[in-house]
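Computed from a predicted model, the values in this text were never measured in an experiment. Proteins come first, then strands; the chains are lettered A, B, ... in the order of their sequence lines, and each starts at number 1.
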Amino acid sequence: MFLTVTLSLLEGFLGTIKLFALTLLFSLPLGLILSFGSMEKLGVIKYPIRFLIWVIRGTPLMLQLLIIYYGPGIFFGVNVWGGSANGRFAAALVAFVINYSCYFSEIFRGGIQSIPVGQYEAGQVLGMTKRQIFFKVVLLQVIKRIVPPMSNEIITLVKDTSLARVIAVYEIIWNGQAFIKSSGIIWPLFYTGAFYLIFSGLLTLLFGYIEKKLSYFR
Amino acid sequence: MSILEVSNIQKSFDSETILKGISFSMEEGESVSIIGSSGSGKTTLLRCLNFLETPDEGTISVRGEQIFDAHGPVLKPEEIRKRRLHFGMVFQQFNLFPQYTALENVMLAPKITTDSPDISQIEKNGKELLDQMGLSDRMNNYPHQLSGGQQQRVAIARALALKPDILCFDEPTSALDPELTGEVLKVIRGLAEQKTTMIIVTHEMTFARDVSDKVIFMDGGVIVEQGESHAVIDDPKEERTRQFLASYSGV
Ligand SMILES: Nc1ncnc2c1ncn2[C@@H]1O[C@H](COP(=O)(O)OP(=O)(O)OP(=O)(O)O)[C@@H](O)[C@H]1O
Ligand SMILES: [Mg+2]
């Protein structure tokens with residue numbers, strides 16, 4: 001029984017990791033773009049983006065999942081997601097990407113704005129282009145500063161993936177819960193915790209390693 | 001022909017006029033010190049020369065070539081980058097890049113801003129400059145491993161690496177502990193002896209008198225007095241200059 005449960009949970013955890021990894025893949029670059037937008041001088045770009053970030057950070061992710069999945073059908077009468085498991089996964093992914101892009105963008109913005117203007121000016125008087133200043137001077141300093149908040153947010157994401165259950169996306173908790181109905185046992189549900197723990201433990205190690213790698217400068 | 005000709009530079013922030021028509025010129029190989037009380041516009045003037053601020057009025061020419069005209073067409077970023085390289089800038093707060101070693105700080109700009117950089121030549125030149133700054137044993141240290149005086153000397157080497165026509169210093173020793181100012185002033189004195197063209201904003205009056213050829217005294221956004229350095233500091237003509245210098249004597 002233990003083996004059967006473990007295998008089933010592993011399969012569910014694959015869904016969890018897929019959602020986790022794809023969310024990161026899309027929301028990191030999108031977050032960077034949003035952070036640039038939210039620092040724009042131009043109000044027409046800045047204010048809508050700040051408004052979006054406020055809305056997304058100010059409402060529960062669970063609600064956002066429901067709205068993204070059911071919204072198009074209810075408000076426009078179109079079922080963009082289809083009824084399949086893939087469709088539900090896509091809807092969850094979109095909700096997670098939007099949500100996490102907003103959180104990441106605030107972390108990026110904080111990191112970028114914490115770099116003293118003297119760094120930019122030193123680059124400018126040395127004849128560097130804006131691009132060169134960003135990539136050769138500023139970026140690594142930003143990364144160093146945002147590693148701790150990013151690691152927090154990314155570990156939160158691991159656990160947040162369980163929210164996808166509300167639109168019936170198959171992930172580990174879904175599989176754990178299935179044993180209650182099918183076999184009348186509840187321990188597989190508790191057992192899922194071990195998977196989360198191990199995975200977030202690995203991530204903690206990874207971020208600790210990155211932090212250490214970047215500790216050669218201040 | 002003068003190496004630098006600054007004419008009628010004016011600059012306002014919001015509604016406050018900070019520079020009210022600054023004109024001066026300097027010759028190749030000269031070093032000029034700018035003195036004046038806090039808020040008189042010294043930093044703003046250096047920032048205008050380095051294209052960190054855009055003057056509202058006036059012109060700047062280097063070796064007879066006009067590189068800035070407030071009424072000229074708006075310059076493209078690329079053009080600004082080219083023109084500002086006539087000047088080098090050493091900041092009060094050093095502004096070294098923390099993730100690079102001393103040598104990498106000096107090499108970075110030559111390496112990434114030239115089209116087909118000769119890395120070994122750039123490295124050789126960087127080492128020579130750091131050597132000249134008395135930092136041969138600190139080349140591979142990161143800025144946080146260096147004292148303020150050492151950091152400022154790296155910053156000077158970094159500015160020199162681009163071979164500017166005119167090197168500007170904005171209070172290069174003001175952020176340093178008193179016992180570290182000497183080593184930085186010594187390096188600048190060495191540059192003066194080699195006839196490096198320099199503009200030095202400083203509160204070190206003795207240094208201004210003994211090292212620079214000319215002294216400019218600024219107050220309230222105008223040049224009140226300028227002339228040969230001993231003349232201005234030891235025997236000022238203007239009452240305001242006398243008052244300002246009096247506040248320094250006995251310190
Ligand atoms: N970006 C800016 N926006 C608004 N005001 C500014 C700006 N930069 C400088 N100022 C103002 O201009 C005035 C002159 O500043 P500046 O830094 O040029 O003086 P300074 O002579 O270098 O003084 P100090 O000896 O204290 O360095 C100050 O009153 C300052 O507040
Ligand atoms: Mg100043």
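Looking only at distances, no side-chain donor or acceptor of K42(B) sits under 3.5 Å from a matching main-chain atom of I34(B). T173(B) places no side-chain N or O within 3.5 Å of a backbone atom of L176(B) that could act as its donor or acceptor partner. No donor-acceptor distance shorter than 3.5 angstrom exists from the side chain of E79(B) to the backbone of K76(B), with no hydrogens or angles considered. Panel note: side chain Q119(A), backbone V137(A); no donor-acceptor pair is recorded below 3.5 Å. The main-chain N or O of T59(A) is found under 3.5 Å from a side-chain atom of Q64(A) such that the two form a donor-acceptor pair. Using a distance-only test at 3.5 Å, with no hydrogens or angles considered, no donor-acceptor pair links the side chain of Q92(B) to the main chain of D170(B). Remark: the backbone N or O of I3(B) is not paired with any side-chain donor or acceptor of D165(B) at under 3.5 angstrom.
A 6.0 Å sphere centred on CZ of F76(A) holds no more than 12 heavy atoms belonging to other residues, nucleotides or ligands. The local environment of CD in E78(B) is sparse, with at most 12 non-hydrogen atoms from other residues, nucleotides or ligands closer than 6.0 Å. Heavy-atom contacts from other residues, nucleotides or ligands closer than 6.0 Å to NZ of K82(B) number 12 or fewer.
Note: Q99(B) leads Q99(B), R84(B), Q93(B) in heavy-atom pairs under 4.5 Å with chain A. Considering only heavy-atom pairs separated by less than 4.5 Å from chain B, the leading option among G123(A), P116(A), G127(A) is G127(A). Between chain A and the residues Y100(B), F87(B), F51(B), the most heavy-atom pairs under 4.5 angstrom are made by Y100(B).
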Taking distance alone, no hydrogens or angles, what donor-acceptor pairs closer than 3.5 Å link side-chain atoms of residues 85-98 of chain A to residues at least two apart or in another chain?
from: R88(A); atom 1: NE; to: I167(A); atom 2: O; distance (Å): 3.3
from: R88(A); atom 1: NE; to: A168(A); atom 2: O; distance (Å): 2.8
from: R88(A); atom 1: NH1; to: G83(A); atom 2: O; distance (Å): 2.9
from: R88(A); atom 1: NH2; to: A168(A); atom 2: O; distance (Å): 3.3
from: R88(A); atom 1: NH2; to: Y170(A); atom 2: OH; distance (Å): 3.4

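Using a 4.5 Å cut-off between non-hydrogen atoms, the part of residues 101-136 of chain B that approaches chain A consists of L108(B), A109(B), I112(B), T113(B). Contacts between residues 138-166 of chain A and chain B, counted as heavy-atom pairs separated by less than 4.5 Å, involve L140(A), Q141(A). Residues from residues 200-218 of chain A that place a non-hydrogen atom less than 4.5 Å from a non-hydrogen atom of chain B comprise Y216(A), F217(A), R218(A), given in numerical order.
Ring geometry for F13(A) against F195(A) counts as tilted: the plane angle lies between 30° and 60°, on a 0 to 90° scale.
Contacts of I80(B) with chain A are absent, with no heavy-atom separation under 4.5 Å from either backbone or side chain. With a 4.5 Å cut-off on non-hydrogen atoms, R47(B) touches chain A through its side chain but not through its backbone. Contact annotation for F91(B): only side-chain heavy atoms (C-beta onward) come within less than 4.5 Å of a heavy atom of chain A.
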K195(B) vs E28(B), side-chain contact (heavy atoms from CB on, under 4.5 Å): CA-CA, chis, key distance, verdict: CA-CA 8 Å; K195(B) 298 284 165 223; E28(B) 183 142 24; over 6 Å; no

CA sep, side-chain torsions, deciding dist, call: L32(A), S35(A), side-chain contact (heavy atoms from CB on, under 4.5 Å): CA-CA 5 Å; L32(A) 191 62; S35(A) 76; 4.1 Å; yes

I60(B) and L4(B): CA distance, side-chain angles, deciding distance, side-chain contact (heavy atoms from CB on, under 4.5 Å) verdict: CA-CA 7 Å; I60(B) 300 170; L4(B) 175 63; 3.9 Å; yes

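Between R109(A) and E106(A), at least one side-chain N (NZ, or NE/NH1/NH2) sits under 4.0 Å from a carboxylate O, which counts as a salt bridge.
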